[in-house]
Amino acid sequence: MIRLAITTGDPAGIGPEIAAKALRFYPLRKEIHYVVYGTLPEYKDGNRPVRIEHPNEAQKPGVLYHIPIEGALQILTRCREALKQGDLHGVVTCPVSKHEIRKVDSGFIGHTEFFADNPDDVVMSFWGDQFNIALLTTHIPVCEVGKHLQPEIVVRKLRLIHQSACRMIEAPRLAILGVNPHAGESGAFGSEESLLRQSLEQLSSEGIAIDGPFPADTFFATKASEYDMIISAYHDQALIPFKMIHPNRGVNMTLGLPFVRTSVDHGTAFDIAGKGIADEGSLECAIRLAERTLLKKDTRFEPIYDAFAPYYDQYMAHVRYDDWVRLILFQYNKLRKRSPRKVIELACGTANIACRLVKKGISVDACDLVVSMVKAASRKPFSPNLFRHDMTEPLGRTGYDLALMMFDSLNYLKSSEKIAPTLNHIHDALLPEGILIFDVTTVRNCRDNFDGFVNIEDDGKCYMVHTSELNEKEDTQITRLTFFQNRQNFYRRDDEVHRQHIFPAATVLDEIAKTPFNLLGIYSIDNPGNLLRSQPRKLDESYDRLFFVLEKL
């Protein structure tokens, strides 16, 4: 079993905060045991950490483990020992203060050097969605860069960069930047480029192709998109453009270690520590890159709702959530003569229904598959007890007297054959005589409101294009969302494609009949009567949304 450590960095910095935020709803993979070293604030919901003393105690998949340690250097020392002994297979590090650690260890330079037996045998690299970079030197003064560019070391590091790039990227294209202005201008501004060219010629004879050296001042504006790995001689030359284009999304990775080591691409940020505003994005990316390297496969989830989540509530402000809550509570009270005591909402999105129920004093658990949606829900007043979960899987929780699955959730199932198994899992989580209420969107709603739909939103920070189309032959609605988000004066594009199956009422009824549920009623917001005796075809053609009320027998 693979064990991956996450260190929380300097206790006075933002490391503990971003670690807690990133791991609260993180999709823990069954192939990996996650062990946090350091100080970890705990939340009341999500992935609850289990305290242990040694990484070998991490035995169960899907569990977040925590080894409490105070002090940044103590955290790193304990982690390094476990890595060298083979008790850990990788580490993801949060930021530390080099200045503070040097007060007790004057030789400390940084994570890269701390984990390496010989700094000349490793390479600091940075990975992002626009381009990747690797450095020939690490944390040294600019005036000493030339001294560290010894031919033997440069060739060894370039070989390592090429080998690592080939493991991560299929047929990668590599480029190297010049050290001096204008790449030396044929020796007018320095001689380091001559050394680099000699190294590239030697590597070319070994079948390793690296283009350059290129002038650094124009490269990122003209050529960066043509290459998979860009090699820089020193720290700031490439990290300034990298961090401008990948704010809170870049990952630092040390190449050449006998284990996987990734890290955030930022510092301790003492000025905002403790304020709850630190961005955990870079740490999440670092964990995913470590997973990808350890498992040798892409571990990303399909990015449905990831880009949409921050704008979801603003865009859906027209939805009649209050009417839906009234319908839900009216139906439950009519059947049970009281309000529900314990509720579970599946596929809750940003928990607009669940939060309204919590505000009324009802105990509510809520879950969704998409981490970004659950996070958005967690930041709201009256947020429910949240956890990440796929609605098609067994809940593993019981004791609910009301279950909800609202706002087209069922329509996101990949086929009608998934309906009955999904309902059966909910049935197992309900108390005897428990109630399930779910809705489906109808073909009339899609035809009248979304077929050929085009909408553009622009709030200054994000430009969003929303288009939808209905395919009645296949009973599917395809929604495409394109986001152009302003990031440090650069625009990042994200695309999402949402595929919904428009299940005819007759299909839903057939699937319900395969479950132990008793169908009590079918309702519409605009029709107070029970539509249970209506013809299925009429239901499809007369109403935009249907609410099904079921009882556990």
Side-chain angles (χ1 to χ4, degrees), residues 14 16-26 40-49 248 272-281 284 305-333 338-389 391 395 397 399-409 437-439 457 459-462 464 485 525:
I14 62 171
E17 177 189 336
I18 62 174
K21 285 181 174 179
L23 295 168
R24 182 180 178 184
F25 301 113
Y26 193 81
L40 185 66
E42 294 187 17
Y43 287 96
K44 64 181 178 64
D45 56 10
N47 297 315
R48 304 299 301 277
N248 294 311
I272 63 169
K275 296 182 179 179
I277 59 175
D279 190 322
E280 69 276 21
E284 290 179 343
Y305 282 107
D306 270 357
F308 194 18
Y311 308 99
Y312 181 85
D313 286 338
Q314 175 184 333
Y315 196 63
M316 296 297 176
H318 63 282
V319 177
R320 298 162 61 181
Y321 294 114
D322 291 328
D323 289 343
W324 293 14
V325 170
R326 277 191 287 271
L327 182 147
I328 290 165
L329 294 179
F330 175 80
Q331 291 298 327
Y332 190 89
N333 276 276
R338 62 174 175 83
S339 294
R341 296 187 179 93
K342 189 175 181 183
V343 178
I344 175 70
E345 183 182 7
L346 296 96
C348 68
T350 59
N352 286 304
I353 297 293
C355 288
R356 284 167 167 81
L357 294 175
V358 172
K359 190 175 181 180
K360 293 179 180 293
I362 299 171
S363 174
V364 183
D365 291 348
C367 59
D368 199 280
L369 178 64
V370 182
V371 173
S372 54
M373 296 291 271
V374 181
K375 282 187 177 183
S378 72
R379 292 189 285 267
K380 293 183 175 182
F382 305 103
S383 65
N385 179 56
L386 292 157
F387 60 102
R388 182 185 170 276
H389 181 75
M391 66 180 176
L395 265 167
R397 304 179 182 213
Y400 299 104
D401 48 15
L402 174 62
L404 303 171
M405 196 160 46
M406 311 302 294
F407 207 177
D408 304 358
S409 295
I437 301 176
F438 68 86
D439 69 43
E457 299 280 333
D459 66 1
K461 295 181 180 179
C462 179
M464 183 183 77
Q485 300 181 64
I525 288 289

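Computed over heavy atoms, backbone and side chain alike; hydrogens, waters and symmetry mates excluded. Everything quoted here is computed from the prediction, not taken from an experiment.
With a 4.5 Å cut-off on side-chain heavy atoms, Q485 and K461 do not count as touching. Contact check for M406 versus E345: side-chain heavy atoms found under the 4.5 Å cut-off. Contact check for S339 versus N333: side-chain heavy atoms found under the 4.5 Å cut-off. Side-chain contact between N352 and W324: absent, with no pair of heavy atoms (C-beta onward) separated by less than 4.5 Å. Side-chain contact between K360 and V325 is present, with at least one heavy-atom pair separated by less than 4.5 Å. No side-chain heavy atom of Y305 sits under 4.5 Å from any side-chain heavy atom of L369. Between L386 and C348 there is a side-chain heavy-atom pair separated by less than 4.5 Å. Side-chain contact between I353 and L404: present, with at least one pair of heavy atoms (C-beta onward) separated by less than 4.5 Å.
Between the D279 side chain and the N248 main chain, no donor and acceptor come within less than 3.5 Å of each other. Between the side chain of K21 and the backbone N or O of A278 there is at least one donor-acceptor pair closer than 3.5 Å.
Here R356 pairs with D322 in a salt bridge; the nearest charged N to carboxylate O distance falls below 4.0 Å. Between K375 and E280 there is a salt bridge, since a side-chain N of the basic residue sits under 4.0 Å from a carboxylate O of the acidic one. With salt bridges taken as basic N to acidic carboxylate O contacts below 4.0 Å, one links K380 and D313.
Of all heavy-atom pairs spanning P340 and L329, the tightest one is CD-CD2, 4.0 Å. Nearest heavy-atom pair across A309 and S372 is CB-OG, 3.6 Å. Between F407 and D439, the shortest heavy-atom distance links the atoms N-OD2, 2.6 Å. Nearest heavy-atom pair across E17 and G274 is OE1-N, 4.1 Å. Nearest heavy-atom pair, P41 versus P16, reported as atom, atom and distance to 0.1 Å: CD-O, 3.4 Å. Closest heavy-atom contact between G399 and K342: O-CD, 3.6 Å.
A side-chain donor-acceptor contact under 3.5 Å links D365 and Y400.
Distance OG/S378 to CZ/R24: 4.0 Å, rounded to 0.5 Å. Considering CG of L327 and CZ of R320, their distance stands at 10.5 Å, rounded to 0.5 Å. Taken to the nearest 0.5 Å, the CE atom of M316 stands 9.5 Å off from the OG1 atom of T350. With rounding to the nearest 0.5 Å, the separation of CD1 in I362 from CG in L402 is 8.0 Å. The distance from the CG atom of D368 to the CG atom of L346 is 9.5 Å, given to the nearest 0.5 Å. Here CD1 of I437 is found 5.5 Å from CD1 of I328. Values are rounded to the nearest 0.5 Å.
A cation-pi arrangement is not found for R388 relative to F25, the charged atom failing to lie both closer than 6.0 Å to the ring centre and inside a 45° cone about the ring normal. Seen from the ring of F387, R397 counts as a face-on cation partner, given the 6.0 Å and 45° thresholds.
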Practice task
Could you please spell out the steps behind the side-chain contact (heavy atoms from CB on, under 4.5 Å) verdict for D306 and M373?
Solution key: CA-CA 7 Å; D306 270 357; M373 296 291 271; over 6 Å; no

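Between Y315 and Y311, the ring centre distance reaches or exceeds 6.0 Å.
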